[in-house]
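Only one structure is covered here, and it is reproduced in the block below.
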Amino acid sequence: MDPKEVKSDLVLILDFGSQYTHLITRRIRSLSVFSLCISGTSPLKAITDLNPQVVILSGGPHSVHASDSPSFAAGFVEWAEANGVFVLGICYGLQLIVQRLGGVVKVGEKQEYGRMEIVVEKAKGLFGTKKVGDSQAVWMSHGDEVAKLPEGFEVVARSQQGAVAAVENYAKKFYGLQYHPEVTHSPEGMETLRYFLFDVCGITASWKMENILDEEIKVIKETVGPDAHVICALSGGVDSTVAATLVHKAIGERLHCVFVDNGLLRYKERERVMETFESDLHLPVTCVDAVDHFLSKLKGVVDPEAKRKIIGKEFISIFDSFGHDLELKIGKKPSYLVQGTLYPDVIESCPPPGSGRNHSHTIKSHHNVGGLPKDMKLKLIEPLKLLFKDEVRQLGRILNVPDAFLKRHPFPGPGLAVRVLGDVTEGNALEVLRQVDEIFIQSIKDAGLYDSIWQAFAVFLPIKSVGVQGDQRTHSHVVALRAVTSQDGMTADWFNFEHQFLDNVARKICNSVRGVNRVVQDITSKPPSTIEWE
């Protein structure tokens, strides 16, 4: 999907490093408005080429007083004014507007963090539906505060401590909020964003998933042309399956799907997935057994980034080999490789300004983003790379992918390699993990909890503990259980199981899986942790 070709008003978010930036993108898309997020320090041309109707400057961990604090490109303000583009600064973004336009930002005498009350001083602009004196709870996170406004700006709301909470310059179409309207801790935040976009900016809610389907099919046809053949890497997950179904709809039998058994799959995954592909989705799929090939390359490797890079490289090697065999069969060399890369993959694999990098800090390299070799022969097609997981599921339903398949929990591209901490080939770690994971997931399904959880899985820990089993001392493996709730995988909370459920699962695992005598639960949210352990 080419952002420039999307027939919808665009709200562009300039990312200055806030942990909530992606939420702004998601909240706006939930209003049927197309939004994208790029680095706050992007060149002006990168912004103007996208032709946004609204630009939102995100929050960030920086202070505008720091010499290396990130800022928007030179000429941004002049461009926005000349083209009638609305600009909204959130938290750091507000302070950036104030300072760059001639106002003053100072270190706050009373720093504001967490839930605060703000009071409307002027019923206009962002608070056009409010009355003077109305108050609302919001989520603050700032140490600096506005001391003097630039010429033409006025205060429309303050915190109960007297700090500036909202400003506007109607003539310039510049607005600012010191708090975060995008988080659920600001209960009226979504209404504020909705009013700003539709009533203040005049944005049209015209971004529909049906339009994305039509646009993607058009782009795929134009990219591939009338004769080229395409390989699709199927993992058995929702993303690659929806991507394959989409491309198959666009080019038909010129799509050749390959499912690679790399020895890092879940319990009976190969059999279950192949049956779904053939019986329900009717996709042309070839299964390649590469278990020995992958595990030999991973032997002795313990660094998680190294594992991801190796797996990415070996996948491409398999696809190249598959492409060569296909060429001999059909007399034509495949030109493209389809992958189910999603927007969170892109965001996490690239990056906050002010860190000395081009964008935000790399959290992890995804096999389908950061793990691909530079000399790859096949050209990439990533039809889902601007979509979030829930949007992919919507697209899948339009494409008639079975709902039961669409509701499957996400499974990482590197497979169990990132759920076995350390060397995946050591001992029987993979087999132990498969059995534990199957018991955990089946128990969740039996309890009717599967659809309430974003992702659940087991982790094999590289430690052993002392236990007592059958009146004998044991020195066996420890496994961890992880289950989280989330909307898009960018942030997550751990799922709070009932104690009886956890007790039953732990007993079942220790009694059924040889070599395990201790089960622990991961109760960490994201952030500070990631969902996967590696």
Side-chain angles (χ1 to χ4, degrees), residues 1-15 20-38 47 50-58 84-88 90 125-129 173 175 177 180-184 186-219 238-239 242-243 245-246 249 341-344 346-347 382-401 403 406-407 454 486-491:
M1 179 168 62
D2 184 349
K4 300 174 188 176
E5 298 298 324
V6 175
K7 303 300 188 291
S8 171
D9 292 335
L10 170 64
V11 177
L12 184 65
I13 292 91
L14 297 188
D15 176 18
Y20 305 125
T21 299
H22 68 279
L23 282 177
I24 307 173
T25 311
R26 285 294 301 113
R27 298 292 185 252
I28 293 171
R29 289 193 184 186
S30 72
L31 298 172
S32 297
V33 175
F34 186 50
S35 62
L36 284 177
C37 174
I38 66 173
I47 298 171
L50 290 170
N51 191 31
Q53 280 65 53
V54 178
V55 175
I56 296 179
L57 313 181
S58 85
V85 175
F86 290 84
V87 178
L88 171 64
I90 294 176
L126 293 163
F127 300 106
T129 61
K173 299 183 178 179
Y175 300 80
L177 295 171
H180 290 274
E182 70 273 21
V183 302
T184 55
S186 297
E188 296 182 54
M190 271 301 290
E191 182 53 41
T192 301
L193 285 175
R194 181 185 290 107
Y195 184 79
F196 173 69
L197 293 175
F198 298 145
D199 294 88
V200 175
C201 304
I203 292 293
T204 302
S206 58
W207 193 63
K208 309 294 183 184
M209 201 52 62
E210 289 81 2
N211 298 341
I212 296 302
L213 173 61
D214 294 339
E215 175 63 27
E216 276 302 333
I217 290 175
K218 176 186 173 185
V219 170
V238 174
D239 310 332
V242 172
T245 306
L246 177 60
K249 186 177 181 67
T341 309
L342 301 192
Y343 204 33
V346 176
I347 293 172
E382 298 171 299
L384 312 177
K385 70 177 181 180
L386 294 181
L387 301 181
F388 289 91
K389 176 72 77 172
D390 60 319
E391 294 169 334
V392 172
R393 287 182 170 130
Q394 290 177 42
L395 189 60
R397 290 187 182 96
I398 297 172
L399 289 165
N400 295 317
V401 176
D403 206 48
L406 292 174
K407 289 180 178 179
W454 170 266
S486 178
Q487 287 189 326
D488 50 30
M490 295 297 293
T491 59

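Throughout, numbering of the chain's residues begins at 1 and tracks the sequence. When reading the values below, keep in mind they use all heavy atoms of this one structure, side chains included, and skip hydrogens, waters and symmetry mates.
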Is there side-chain contact between [X] and [Y], with at least one heavy-atom pair below 4.5 Å?
X	Y	answer
Met190	Ser30	yes
His22	Thr491	yes
Thr129	Asp199	no
Tyr195	Leu126	no
Val85	Val54	no

From CA spacing to verdict: side chain to side chain contact (heavy atoms under 4.5 Å, CB included), Leu31, Ile203: CA-CA 10 Å; Leu31 298 172; Ile203 292 293; over 6 Å; no
Approximate separation, where rounding is to 0.5 Å, of [X] [atom1] and [Y] [atom2]:
X	Y	atom1	atom2	value
Leu193	Ile24	CG	CD1	8.0 Å
Leu88	Tyr175	CG	OH	10.0 Å
Tyr20	Arg27	OH	CZ	11.5 Å
Thr21	Ile13	OG1	CD1	8.5 Å
Ile28	Trp207	CD1	CH2	11.5 Å
Leu57	Ile90	CG	CD1	8.5 Å

So which atom in [X] and which in [Y] form the shortest heavy-atom distance, rounded to 0.1 Å?
X	Y	value
Leu386	Phe34	CD1-CZ, 4.4 Å
Lys249	Ile217	CD-CD1, 3.6 Å
Val33	Ala205	CG2-CA, 4.3 Å
Asp9	Gln53	CA-OE1, 3.2 Å
Arg393	Leu406	NE-O, 2.6 Å
Thr341	Glu382	OG1-OE2, 2.7 Å

Test Ile38 against Leu14 for side chain to side chain contact (heavy atoms under 4.5 Å, CB included), laying out the working first. CA-CA 5 Å; Ile38 66 173; Leu14 297 188; 3.7 Å; yes
Short question: side chain of [X], backbone of [Y] - any donor-acceptor pair under 3.5 Å?
X	Y	answer
Arg397	Asp403	no
Ser186	His180	yes
Thr25	Leu36	no
Asp239	Leu384	no

Phe388 ring centre to Arg26 NZ or CZ under 6.0 Å, with the angle to the axis within 45°?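 Yes, a cation-pi geometry holds between Arg26 and Phe388.
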I'd like to know whether Arg29 forms a side chain to side chain contact (heavy atoms under 4.5 Å, CB included) with Leu387, so could you lay out the CA-CA distance, the side-chain angles of the two residues, the decisive distance to 0.1 Å, and finally the verdict. CA-CA 10 Å; Arg29 289 193 184 186; Leu387 301 181; 4.3 Å; yes
Just jot down the salt bridge (charged side-chain N to carboxylate O under 4.0 Å, His left out) partners of Lys208, sequence neighbours excluded, or say none.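 Salt bridge (charged side-chain N to carboxylate O under 4.0 Å, His left out) list for Lys208, sorted by chain: empty.
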